[in-house]
Peer 1: 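Structure below; questions to follow.
Here is the naming used below: chain letters follow the sequence lines, and residue numbers restart at 1 for every chain.
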Amino acid sequence: MKPEALKGHLDGLLLATVAAGPAHGYAIIEELGRRSGGAFALPEGTVYPALHRLERAGLLSSRWSTDAPRRRRVYELTARGRRALGAEREQWRAFAAAVDTVLGAPA
Amino acid sequence: MSAVGPIEAYLAELDHALGVPRGLRRRIVAEARDHLECAAAAGRADGLEPRAAAELAVAAFGAAGVVARRFAEELAVAGARRASLAALVAVWNYGLLFAVSTQVASVRAASPFASDPADAIAWFAAQIAATCAALSALRAWRHRRDAAVPAGKLRYVNRGAAVAVGAVLVSVLADAAAAVGSPAGGGTTRSLLIAGLAAVGAAAAVALAEVARSARRTRALARLDDRPAGDDVFEDLAVLVPPARAALAVLRAHPWRLCAFTGAAAGLALSAAHLIGEGPPPDPARAVAVAAIFVAAEGLAILACFGALARYLGLRR
């Protein structure tokens, strides 16, 4: 799938991935790839600006972890992020249902 | 890649490409290092040679220039939004003080800013500040959901905010000079107005610092990707009011006529407000003369501002 197809959905996908529990950037990207079956082929480094943006918006929080052999930033969903994820899911269901009604119907 | 190893060479390249504040740059590089080391370790676990695993990790992370540009975009967009909001707050505070000190008769009587030139400057500054802050906010609002906005468009957001805050500061300085030069007296009202002026000035100074920071971030983005705005205020308005798209397309072809019409309309509105506020004049000829003076002054001022600022603020292509 082309990276452009992700436009507008990356934030929701990241929130859904982090919702499983606190994780560092590499783990988030790996989990996103695993859940999507590797469908989203985007440069991994471009996910970090999105994580930073979500943090600035108060949807994620982050802290340095001392458990790893290196400095590692761990991201976690905030209460506001959880609400935003719920809203994102609702919107997606409505959108997907509408698209499916048109595209999925036999000609 | 160099002899220092693919990951170290990449991190050095990324560090150099990032046009962000030093603290944030250190964080980004540390996160990239952790990511690349994890990815390289996974490659080695899959049986790759260490160097091949590191090269694969670097390739999957994306070109340093692309990653740096994404960060620059995020920061520039967030900065422009904050600058626009700060300008709006500064203009709102100023508007409140302006409205109270000019429109409430008892307050105006005790106001140290009520006489010219401070009064005349305030009347023009209020209009410039409100218009430019609104334009800046309109552009910021239009791109509120966009993670990446061309540097050319962000420049217009910053410029609108800068002119709005600049107008407020000029008026605050004129008022401050009037207050210093005016005779003492006026009691509590005068003291409250001067305290309000200080608060408005402080808010404007904060907004100016925010605009300056946003301008630096936009310049950093422009060094990596300087796409022009590609549209003007009519396009912004068309997004705000889609049914007016066709009418706006016509107006775009005649920006000076629109400007002259706006100036005349504003002049008439001001003269009407003046006549209502001051009461009816002794004869109709005087009313016409007052209206003509307002329309001429307002129209000329708007035409002059449009001539000087239209391209700078992206009001026309």
Side-chain angles (χ1 to χ4, degrees), chain A residues 2-4 6-15 17-18 22-34 38 40-75 84 87-88 91 95, chain B residues 7-8 10-11 13-15 17-21 23-43 45-46 56-79 81-82 144-149 217 221 224:
Chain A
K2 290 180 181 175
E4 298 82 58
L6 267 179
K7 199 175 178 184
H9 302 299
L10 182 59
D11 289 4
L13 290 170
L14 289 174
L15 291 177
T17 308
V18 179
H24 58 102
Y26 178 75
I28 293 168
I29 294 163
E30 281 291 291
E31 179 64 10
L32 182 59
R34 190 189 63 76
F40 306 131
L42 75 170
E44 293 169 355
T46 60
V47 171
Y48 286 89
L51 288 171
H52 284 219
R53 182 181 66 246
L54 291 170
E55 186 181 348
R56 271 199 306 277
L59 305 182
L60 293 179
S61 63
S62 78
R63 58 184 161 78
W64 290 110
S65 164
T66 51
D67 299 342
R70 294 172 294 279
R71 271 158 60 83
R72 170 170 285 175
R73 197 80 181 178
V74 174
Y75 293 88
E88 191 80 30
Q91 282 177 18
F95 176 75
Chain B
I7 291 178
E8 286 305 321
Y10 179 85
L11 291 174
E13 191 186 348
L14 180 63
D15 189 46
L18 285 167
V20 299
L24 179 58
R25 197 169 71 226
R26 277 203 292 262
R27 172 182 164 179
I28 293 168
V29 172
E31 285 193 88
R33 180 187 299 281
D34 181 47
H35 181 106
L36 292 170
E37 295 288 359
C38 286
D46 286 343
L56 191 65
V58 165
F61 201 75
V66 172
V67 176
R69 196 187 74 211
R70 289 287 167 86
F71 273 110
E73 282 170 347
E74 296 281 355
L75 280 184
V77 170
R81 278 188 198 127
R82 265 204 306 276
R144 67 195 179 285
R145 296 196 201 288
D146 299 343
V149 180
R217 290 179 171 179
L221 171 61
L224 297 165

Peer 1: Between A/Leu51 and chain B, with a heavy-atom cut-off of 4.5 Å, which part of the residue counts as in contact: side chain, backbone, both or neither?
Peer 2: neither

Peer 1: Quick one, B/Arg33 and B/Tyr10 - any side-chain contact, counting heavy atoms below 4.5 Å?
Peer 2: no

Peer 1: For residues 71-79 of chain B, dump all side-chain donor-acceptor pairs below 3.5 Å to protein atoms at least two apart in sequence or in another chain.
Peer 2:
unit_1  : atom_1 : unit_2  : atom_2 : d
B/Glu73 : OE2    : B/Arg69 : NE     : 3.4
B/Glu74 : OE1    : A/Arg53 : NH1    : 3.2
B/Glu74 : OE2    : A/Arg53 : NH1    : 2.3

Peer 1: Just give me the residue among B/Ala63, B/Gly62, B/Ala60 that pairs up with chain A most often, heavy atom to heavy atom, under 4.5 Å.
Peer 2: B/Ala60

Peer 1: Using a 4.5 angstrom heavy-atom cutoff, name the option from A/Glu44, A/Glu30, A/His24 with the most pairs to chain B.
Peer 2: A/Glu44

Peer 1: For the residue pair B/Val67 and A/Tyr48, establish whether any side-chain heavy-atom pair is separated by less than 4.5 Å.
Peer 2: no

Peer 1: Working to the nearest 0.5 Å, report the span between CG of A/Leu15 and CG of A/Leu59.
Peer 2: 5.5 Å

Peer 1: Hey, is B/Asp34 close enough to A/Arg71 for a salt bridge, meaning N to O under 4.0 Å?
Peer 2: no

Peer 1: For A/Ser62, which atoms come within 4.5 Å of any heavy atom of chain B: side chain, backbone, both, or neither?
Peer 2: side chain

Peer 1: Chain B heavy atoms under 4.5 Å from A/Arg72: which part of the residue, side chain, backbone, both or neither?
Peer 2: both

